[in-house]
There are 2 protein chains.
Amino acid sequence: MRIPEPTVERLLQLSRVLENLKAESISSSEIEAKTGWSSYTIRKDISFLQENLGEASGYNRLSLLAAIKRALALGTPWKFCVVGLGRLGSAYLNFPAFADEGFELVAGFDSSVNRIEILRSPVPLYPAYKMGEVISRFSIDLALLCVPAASAQGAADKLVASGIRGIINFAPVVLEVPERVMTSNVFVVDELRSMAAKLACLVD
Amino acid sequence: MRIPEPTVERLLQLSRVLENLKAESISSSEIEAKTGWSSYTIRKDISFLQENLGEASGYNRLSLLAAIKRALALGTPWKFCVVGLGRLGSAYLNFPAFADEGFELVAGFDSSVNRIEILRSPVPLYPAYKMGEVISRFSIDLALLCVPAASAQGAADKLVASGIRGIINFAPVVLEVPERVMTSNVFVVDELRSMAAKLACLVD
DNA sequence: CGGTGTGAATCTATTCACAGCA
DNA sequence: TGCTGTGAATAGATTCACACCG
């Protein structure tokens, strides 16, 4: 059965709550207290997993966690690359947290050959023109796009042509990509703007 | 009139599209081609601004931009601070883009006095125990929370006690805060997980 | 005609209410 | 009694259809 998108989002966050949980069991109202989502919503979300996980005491931490990971394919390994090795991009080359969650960083790309030669990296680095070849050779699924705003669309076009399935975009630019490619924007100024806008318009 | 939250989100992104637009006018179907949102949705979104902005040729770039900024309070200045001055947090101390968008960075905090003394920063730095005093003295609205996961909840508690209105959280932890405080999570591993989950469950 | 603006209809998500279980 | 699970009811967002305007 199809799981609605907001539910996917909450289940992902819920899995983090469960990972950091000390108790071995938790009820929907305890989750409500921790997250702010109503217990109804949480129970409905969990019911999409269709596993009848609830006990009289609530949900068992580990079985619920396992069920979420199974349903959301969090166990399966994904390959990703970093495009643009400036300050931000090169920081992610040395980030250990990815592997813990099943994401394997297999390549870094930059248009400056000079930069590639200078950088020390645990991951092979390639010049930008090899993107197509490398992405299809290693079947890379996802990309972190860390290039400056002015080059973002061009780099995204190359990624799309290489058969990438999703792009996490750090440049403050709305990318134009075909429908089959998923994008998600991570830009801190926009987070501030969005929060300010909500504080100003929604909460009054 | 209250603007629905998804509309706020799209208008924010639309303002970025308009800023990067060369043409002086754009129609709802051209916006659809650029963003993937249906032209109906876009027109409805714009209609929430209640300004009858449309011409026969579409929307005038600058008037639309101005109307969005007015409605979403993007002109008003906001003050924010950075909490946790490790690799990520200290990078944001030297980030010029914030000021362009009306966000004034007024303070940095870290629990290590040593680190505060060593760091060169264009913004005054304070030890963590001064958070309450500094935040209320300068009326700081928002915070970037860049501390390690283990200290995130503790730091968030201090921010809440200091009267912060919103927290942008970079630690992979779901924060427990009172309802009046807005939070938003920016964690790249979660972006990857979310994209992987959607690719695996929604798109089939 | 090309466009916008907007009530009505549809689709989606959340909330509720309550049955069922330990 | 306190919990889950879930159909039904409500609330909300998107899509549609069409009036209207230059």
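This is a predicted model, so every value here is computed, not measured. Below, each value reflects all heavy atoms present in this structure, side chains not excepted, and no hydrogens, waters or symmetry copies.
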Task: Contact state string [nucleotides 9-22 of chain C, B base, S sugar-phosphate only, - no protein heavy atom under 4.0 Å] - done: ----SSBBB-----
Task: Check against side chain to side chain contact (heavy atoms under 4.5 Å, CB included), A/Leu144 and A/Phe98 - done: CA-CA 12 Å; A/Leu144 304 187; A/Phe98 295 121; 4.2 Å; yes
Open item on the list: Walk me through whether B/Arg115 and B/Ser90 qualify under side-chain hydrogen bond (donor to acceptor under 3.5 Å, both in side chains).
Closed with: CA-CA 10 Å; B/Arg115 188 179 275 170; B/Ser90 60; over 6 Å; no
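Evaluation of the salt bridge (Lys or Arg N to Asp or Glu O under 4.0 Å) rule for A/Lys44 yields no partner, not counting sequence neighbours. In this view, A/Tyr126 and A/Phe109 satisfy the ring pair (Phe, Tyr, Trp, His ring centres under 6.0 Å) rule, not counting sequence neighbours.
Judged as a side-chain hydrogen bond (donor to acceptor under 3.5 Å, both in side chains), the pairs with a partner in residues 147-156 of chain A (not counting sequence neighbours) are, in order, A/Gln153-A/Asp157. Pairs engaging residues 155-178 of chain A under the ring pair (Phe, Tyr, Trp, His ring centres under 6.0 Å) rule: A/Tyr92-A/Phe170 [sequence neighbours left out].
What separates CD1 of A/Ile42 from P of D/dC3 is a distance of 13 Å, to the nearest Å. Protein atom CD of A/Gln50 is 18 Å distant from nucleotide atom P of D/dT4, rounded to whole Å. Note: CD (B/Glu55) to P (C/dG2) measures 18 Å, nearest angstrom.
The closest donor-acceptor contact from the side chain of B/Thr41 to the backbone of B/Trp37 lies at 3.5 Å or more, if one exists at all. Remark: side-chain polar atoms of A/Asp190 are not paired, donor with acceptor, to backbone N or O of A/Val186 under 3.5 angstrom.
Within residues 17-34 of chain B, the residues that have a heavy atom under 4.0 Å from DNA chain C are, in order of number, B/Ser27, B/Ser28.
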